[in-house]
J.: 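Quick one: structure below, then a few questions.
Residue indices begin at 1 and follow the sequence shown.
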Amino acid sequence: MSRLISKLQQRNFGPGEFADEKPRTLEEVIGLIKNFPDEKVAVEDPDDPAVVIADNNGNYLRLDIRSKDMLDLRYFGAGNKYYIYSSVSFETAVEKVKQFFSGEVDLNDFFKESFDFEVKKHFVTQPDEYRLEFKDVVLGSFGWLVYFLGFAGLTVYLAFMPPSTVVICFIFFSLLLTSLPGWVLLHIYSNYSKKKNQYLKISKSSDVFLFGDGAGQINTYRKSDVAAVNFYVDLNRAHSPNKFALYEVLFKNNTSITFTNALISPIDFEKGIGSPMQTHSRSPLKLTWAAP
């Protein structure tokens with residue numbers, strides 16, 4: 001008997017956040033839809049709750065449960081094909097689930113929608129675990145890298161010019177200009193070597209989240225213990241070599257944790273932490289000093 005991956009999205013989950021993801025038979029999936037707990041049903045929320053089924057070819061069938069007798073079906077197929085079939089009965093939904101298991105879904109009753117990349121997150125599981133990646137540190141420090149390589153290239157060019165007092169003065173000045181971004185980069189990558197195992201596990205549905213700078217330093221925290229969340233940014237970052245921003249989570253017991261956007265994006269973090277972030281301005285050097 002064939003089994004397909006299916007998963008649940010409940011009322012307090014964010015887009016791309018699912019639970020109980022595992023292979024199930026057709027009968028198990030139908031039972032899952034039929035027995036979805038009443039208290040989880042939110043008639044006015046098209047994204048909650050839902051059962052999502054995935055086949056082995058990159059196709060998804062999402063059943064948004066509006067009530068026990070009415071569902072909205074959404075089909076997302078390989079090649080970014082996106083279709084919606086609204087306000088169907090339980091019996092019709094079951095028939096479409098059977099077709100999905102057979103590999104041949106009749107989409108004539110569906111309305112074809114235009115695709116945008118936001119659609120996919122309602123079908124595909126998004127990670128709730130975040131690790132510090134070297135590529136994200138490079139992206140955050142890319143402006144400093146450009147400055148360093150530019151001034152270093154200028155220094156090399158001047159070194160090959162016929163020697164004179166003016167050239168030597170320019171070489172000295174160019175070395176000074178090269179040393180500033182070089183010193184900053186040395187600090188960033190030195191910090192990265194200490195924090196390369198930094199880890200965050202956070203989801204919208206759970207009050208508990210985990211954070212630590214290494215495997216032996218991961219601690220458990222509760223969102224209900226959070227007093228405030230500060231977000232420090234370089235307001236002139238469009239023209240600044242620094243692309244790092246800093247999160248500061250303050251707890252009611254006067255402790256705090258800090259990490260940067262190299263670990264998690266502001267959108268994902270604000271969604272996960274569930275508290276509004278207070279944005280503050282900070283100088284690019286101070287933000288870089290905290291990176292990554």
Side-chain angles (χ1 to χ4, degrees), residues 117 127 129-200 202 211-219 228-250 255-270 273 277-292:
F117 287 100
E129 294 183 307
Y130 302 88
R131 292 175 172 83
L132 192 60
E133 301 284 349
F134 181 71
K135 63 179 178 60
D136 295 316
V137 177
V138 171
L139 286 173
S141 60
F142 187 74
W144 293 111
L145 280 167
V146 170
Y147 278 168
F148 175 75
L149 293 174
F151 290 132
L154 176 61
T155 303
V156 172
Y157 173 76
L158 291 171
F160 281 94
M161 292 184 68
S164 69
T165 302
V166 173
V167 169
I168 291 172
C169 288
F170 271 112
I171 290 175
F172 179 74
F173 183 63
S174 181
L175 283 172
L176 286 177
L177 293 176
T178 306
S179 65
L180 175 59
W183 171 69
V184 170
L185 289 169
L186 180 64
H187 176 78
I188 291 172
Y189 294 114
S190 175
N191 268 2
Y192 169 73
S193 69
K194 299 171 186 175
K195 297 181 180 180
K196 61 184 178 181
N197 294 316
Q198 193 176 72
Y199 173 84
L200 174 68
I202 191 167
F211 171 75
D213 284 333
Q217 305 172 49
I218 297 173
N219 296 309
V229 181
N230 293 320
F231 183 49
Y232 297 98
V233 296
D234 177 3
L235 295 182
N236 194 37
R237 64 195 307 243
H239 305 288
S240 168
N242 169 68
K243 303 303 176 187
F244 291 107
L246 180 69
Y247 307 104
E248 180 186 42
V249 182
L250 304 171
T255 61
S256 66
I257 57 174
T258 59
F259 46 91
T260 71
N261 58 336
L263 179 63
I264 182 173
S265 73
I267 293 174
D268 288 338
F269 183 61
E270 189 165 30
I273 197 67
M277 295 194 299
Q278 303 298 319
T279 301
H280 307 276
S281 176
R282 182 165 284 188
S283 73
L285 277 177
K286 282 186 176 181
L287 288 170
T288 301
W289 203 250

J.: Is Asp213 reaching over with its side chain to a backbone N or O of Lys195, donor-acceptor style, under 3.5 angstrom?
T.: no
J.: Is there a side-chain contact between Val146 and Phe142 in this structure, where contact means two heavy atoms from C-beta onward sitting under 4.5 Å apart?
T.: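 Val146 vs Phe142: side chains touch.
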J.: So, taking the atom named CD1 in Ile171 and the one named CZ in Phe160, what distance separates them when rounded to the nearest 0.5 Å?
T.: 10.5 Å
J.: In Å and rounded to the nearest 0.5 Å, what is the CH2 to OG1 distance from Trp183 to Thr288?
T.: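 Answer for the CH2-OG1 pair, Trp183 versus Thr288, is 9.5 Å.
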J.: Using every non-hydrogen atom in the two residues, find where Asp234 and Ser240 come nearest and quote the distance to one decimal.
T.: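 Taking every non-hydrogen atom into account, OD2-OG, 2.8 Å.
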J.: Under 3.5 Å, is there a donor-acceptor pair between the side chain of Ser141 and the main chain of Trp144?
T.: no
J.: Indicate yes or no for a side-chain donor-acceptor contact from Ser190 to the backbone of His187 under 3.5 Å, with no hydrogens or angles considered.
T.: no
J.: So which heavy atom on Ile218 is nearest to which on Gly214, and how close?
T.: CG1-O, 3.2 Å
J.: When you compare the side chain of Tyr189 with that of Val138, does any pair of heavy atoms fall below 4.5 Å?
T.: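 Yes, close enough: below the 4.5 Å cut-off.
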J.: How far apart are the closest heavy atoms of Ala291 and Thr260, and which atoms are they?
T.: CA-CG2, 4.1 Å
J.: Is any side-chain heavy atom of Ile264 less than 4.5 Å from a side-chain heavy atom of Tyr247?
T.: yes
J.: Any side-chain to backbone donor/acceptor pair from Ser174 onto Phe151? Under 3.5 Å, distance only.
T.: yes
J.: Hey, what do you get for CG (Leu149) to CG (Leu154), rounding to the nearest 0.5 Å?
T.: 12.5 Å
J.: If I compare all heavy atoms of Leu177 with all of Pro181, which pair ends up nearest, and what's the gap?
T.: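 Nearest heavy atoms, Leu177 then Pro181: O-CD, 2.9 Å.
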J.: Could you check whether any side-chain heavy atom of Phe134 comes within less than 4.5 Å of a side-chain heavy atom of Lys196, counting everything from C-beta outward?
T.: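 The answer is no; the side chains never approach within 4.5 Å.
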J.: Would you compute the distance between atom OG1 of Thr155 and atom CZ of Phe172 and round it to the nearest 0.5 angstrom?
T.: 11.5 Å
J.: Return yes if some donor-acceptor pair links the side-chain N/O of Asp136 with the main-chain N/O of Asn261 below 3.5 Å, else return no.
T.: no
J.: If you apply the rule ring-ring contact (aromatic ring centres under 6.0 Å, His included), what do you find for Phe269 with Phe259, and how did you get there?
T.: CA-CA 11 Å; Phe269 183 61; Phe259 46 91; 5.3 Å; yes
J.: What pair of heavy atoms forms the shortest contact from Phe244 to Val137, and how long is it?
T.: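 Reported closest heavy-atom pair: CZ-O, 3.6 Å.
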J.: If you round to the nearest 0.5 Å, how far is CG of Asn242 from CD1 of Ile188?
T.: 7.5 Å
J.: Tell me the closest heavy-atom pair linking Val233 and Ala245, and the distance in Å.
T.: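 Here Val233 and Ala245 meet closest at CG1-CB, 3.8 Å.
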J.: State whether the number of non-hydrogen atoms from other residues, nucleotides or ligands found under 6.0 Å of Phe170 atom CZ is greater than 12.
T.: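 Result for CZ/Phe170: open.
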J.: With rounding to the nearest 0.5 angstrom, report the NE2 to CZ distance, His280 to Phe231.
T.: 11.0 Å
J.: Can you tell which of Val229, Ile257, Asn230 makes a side-chain contact (heavy atoms from CB on, under 4.5 Å) with Glu248?
T.: Asn230
J.: Taking the side chain as every heavy atom from C-beta outward, state whether Gln198 and Tyr130 have any atom pair closer than 4.5 Å.
T.: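 Heavy-atom side-chain distance check fails, nothing below 4.5 Å.
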